[in-house]
Amino acid sequence: MTDDDRLMTQRLKKRDALLEMGIDPYGGRFADVQASAGLRRKAEGLDLQPGVRSEMTARAAGRIVLLRLMGKLAFLTIRDATGTLQFGISQGDIGEGWPILKELDLGDIIGGDGVLGRTKTGELTLWCNHLTVLAKSLQPPPEKWHGLTDVDLRYRRRYVDLFTNPQVRDVFHMRSAIIQAVRQCLVDVGYYEVETPVLQPIYGGAAARPFTTHHNTLDMDLFLRISPELYLKRLLVGGMERVFEISRNFRNEGISTKHNPEFTMIELYEAYADYQVMMERVEQMVSAAFEVSARLAVPRRTVAIEEECLRLGREQGEEAADAYAREQHLTAYREARDAIGRGRMQTMFHGKILDFTPPWPRRKYADLLQEYAGVAMTDSDTVRKKAEKLGIDPSGKDTAVLVNQLFEATVEHHLVQPTFVYDYPAAICPLTRRHPQDPSIALRFEAFAAAMELGNAYTELNDPQVQAENFRRTVAGEGEETMAVMDEDFITALEYGMPPAGGLGVGIDRLVMLLTDSHSIRDVILFPLQRPQARGDESAGG
RNA sequence: GGGGGCGUAGCUCAGUGGUAGAGCAUCGGCCUUUUAAGCCGCAGGUCUUGGGUUCGACCCCCAACGCCCUCACCA
């Protein structure tokens, strides 16, 4: 028998013991549960002194994360969605319910009824006169101090990660709040939220390889969308003048700390606008997202770090406390918190302060290329020479493609502070309107922060003939951003007339990364794609 | 795909060319104000897998598998 089996067997025995006592180890509805955080606030109001029990009754529930049995008295710490709370149980108070305690384990979900009080040391405690078993846990939880650290296991068993590592739950709480804020921000200025097909017979709207699938009844191959763009523009034709979609996109490409095969993007289109308006939309959405994330994060994080510093100072001396403060960027968090007070939108990312306060700097693509690569975008010969110098093979490539590679190699890593880079080479932008004075330039910008692409926007191309021509060229493989498939119906839609418009996509995952100081996209996606676990004997023999 | 790192008890991690250790969790005992509770005792391992070198491999070599980082690719 493996250790794993042994541990589960022991827990199963306890489950049976509960059943014998006439207790359902998987209790049902548990009405009127109070959140631990709410009880804490209430206790503040009561001015409870250490060692005193109040008259106030309360009911709480959560997972047992710590368990201390001391003969005829027990303390257990439960964790709910809002924090932790100590249950105190004395044999005298609980009487017949006492034997239940022996059958409880770390990880079980229980409810308690009792009165609020404080122990001698001041810890808020629910002194229980009744315990309800809500769910017996058969799997042993991870180590109580270190939690689950194995990165692979954390993603595979995200549920364990979530209930053992509170900061993980914070990140996803924040993700939810950020999406909500961004959505509300657009609804407030007259946008409709829509849903367009994920299963598409023709994919397009971005340069990426798609996933393919098959519909059985129609006997037809389909693609998972790489972008919602071409459908959202059809809605502009249809008269929906402001639309957005929070779109899960699927791209069959490499996986990295910045790329997951499925990722979330908010894409929006606004009739009679252009890419300049879209820059303002980026600033508005990011500001809204920043505000909710700052409200949630900074106080909580700062308080948690300060408490830990105090504890370390007490137990291990000031030096240890200082070291911890530095390690946790405490000073920077304080600065960030103060910055909000002054109306600045600053946050820590990778040990650097990013300032999202609008307006963000706006830099011309060509100027940045000149500044960091030392070449003029239009000077084909110099571009080729510079590319070769940097180890980029220029043979058979369009100048615009090389320019773009040069840009990525020389400029991008400098774009740490939020920045709009605008006016891209037209050859790599098949869906974008050209600059009226210079047809080699496309009215496109990308938003960068922390050297990462955060968003991408155009003044949309609404001339069906130019669009059809661009399709033909990209299908033929000219330029870099191949769409590979001609979408006839999209052209037909444009032929009916699409209002001039600005369009924008912002990577939600990356935005959440920036605002939660997460360095891998997997840390902001609940269940990132992973190779299936090879189990036991199936994996043997290589 | 290239380079680097990792894989040892359920969890978190040490470790040595002579068939393995700690803390936590588990199990048994004591304990009515604990705070990662404490004290005493027991148990728990195909050291990722497969080859090789060796009298002998968890350790050295080769390969495979998985994960992480990084470069390349990639809106």
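Convention: sequence-line order gives letters A, B, ...; per-chain numbering from 1.
Listed by residue number, the members of residues 118-130 of chain A with any heavy atom below 4.0 angstrom from RNA chain B are A/Thr119, A/Lys120, A/Thr121, A/Glu123, A/Trp127.
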Can you give the donor-acceptor pairs under 3.5 Å from side chains of residues 274-282 of chain A to other protein atoms, not counting sequence neighbours?
{"unit_1": "A/Asp274", "atom_1": "OD1", "unit_2": "A/Gln276", "atom_2": "N", "d": "3.0"}
{"unit_1": "A/Asp274", "atom_1": "OD1", "unit_2": "A/Val277", "atom_2": "N", "d": "3.1"}
{"unit_1": "A/Tyr275", "atom_1": "OH", "unit_2": "A/Asp423", "atom_2": "OD1", "d": "2.5"}
{"unit_1": "A/Arg281", "atom_1": "NE", "unit_2": "A/Glu270", "atom_2": "OE1", "d": "2.8"}
{"unit_1": "A/Arg281", "atom_1": "NH1", "unit_2": "A/Gln284", "atom_2": "OE1", "d": "2.9"}
{"unit_1": "A/Arg281", "atom_1": "NH2", "unit_2": "A/Glu270", "atom_2": "OE1", "d": "3.1"}
{"unit_1": "A/Arg281", "atom_1": "NH2", "unit_2": "A/Glu270", "atom_2": "OE2", "d": "3.1"}

Pair up each side-chain donor or acceptor in residues 254-263 of chain A with any protein partner under 3.5 Å, not counting sequence neighbours, and list the distances.
{"unit_1": "A/Ser256", "atom_1": "OG", "unit_2": "A/Lys258", "atom_2": "N", "d": "3.0"}
{"unit_1": "A/Ser256", "atom_1": "OG", "unit_2": "A/His259", "atom_2": "N", "d": "3.3"}
{"unit_1": "A/Asn260", "atom_1": "ND2", "unit_2": "A/Glu262", "atom_2": "O", "d": "2.9"}
{"unit_1": "A/Glu262", "atom_1": "OE1", "unit_2": "A/Arg248", "atom_2": "NH1", "d": "2.5"}

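The base of B/C11 has none of its N or O atoms less than 3.5 Å from a complementary donor or acceptor on the side chain of A/His146.
Here the separation of B/G50 from B/C13, taken at their P atoms, is 25 Å to the nearest Å. With P as the reference atom, B/A57 and B/G15 are 22 Å apart, rounded to whole Å.
For A/Thr410, there are no side chain to side chain donor-acceptor pair (under 3.5 Å) partners, not counting sequence neighbours. The salt bridge (Lys or Arg N to Asp or Glu O under 4.0 Å) check on A/Arg251 picks up nothing, with sequence neighbours excluded. When the side chain to side chain donor-acceptor pair (under 3.5 Å) test is applied to A/Asp161, the partners found at least two apart in sequence or on another chain are A/Arg154, A/Arg158, A/Asn165. Partners of A/Met8 according to the side-chain contact (heavy atoms from CB on, under 4.5 Å) rule, which considers only residues two or more places apart in sequence or in another chain, are A/Leu12, A/Leu138, A/Gln139. For A/Lys14, the salt bridge (Lys or Arg N to Asp or Glu O under 4.0 Å) partners two or more places apart in sequence, or in a different chain, are A/Asp105. Residues satisfying the side chain to side chain donor-acceptor pair (under 3.5 Å) test with A/Thr84, not counting sequence neighbours, are none.
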Please tabulate the protein-to-nucleotide N/O contacts below 3.5 Å involving nucleotides 37-40 of chain B, giving atom names and distances.
{"unit_1": "B/A37", "atom_1": "OP1", "unit_2": "A/Lys144", "atom_2": "NZ", "d": "2.8"}
{"unit_1": "B/A37", "atom_1": "OP2", "unit_2": "A/Arg68", "atom_2": "NH1", "d": "2.6"}

Note, RNA chain B 5' to 3' with Watson-Crick or G-U pairs under 3.5 Å encoded as ( ), [ ], | and . gives (((((((..((((....[..))))..((((.......))))......(((((..]....))))))))))))....

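The salt bridge (Lys or Arg N to Asp or Glu O under 4.0 Å) analysis of residues 501-512 of chain A, with sequence neighbours excluded, yields the pairs A/Arg175-A/Asp509.
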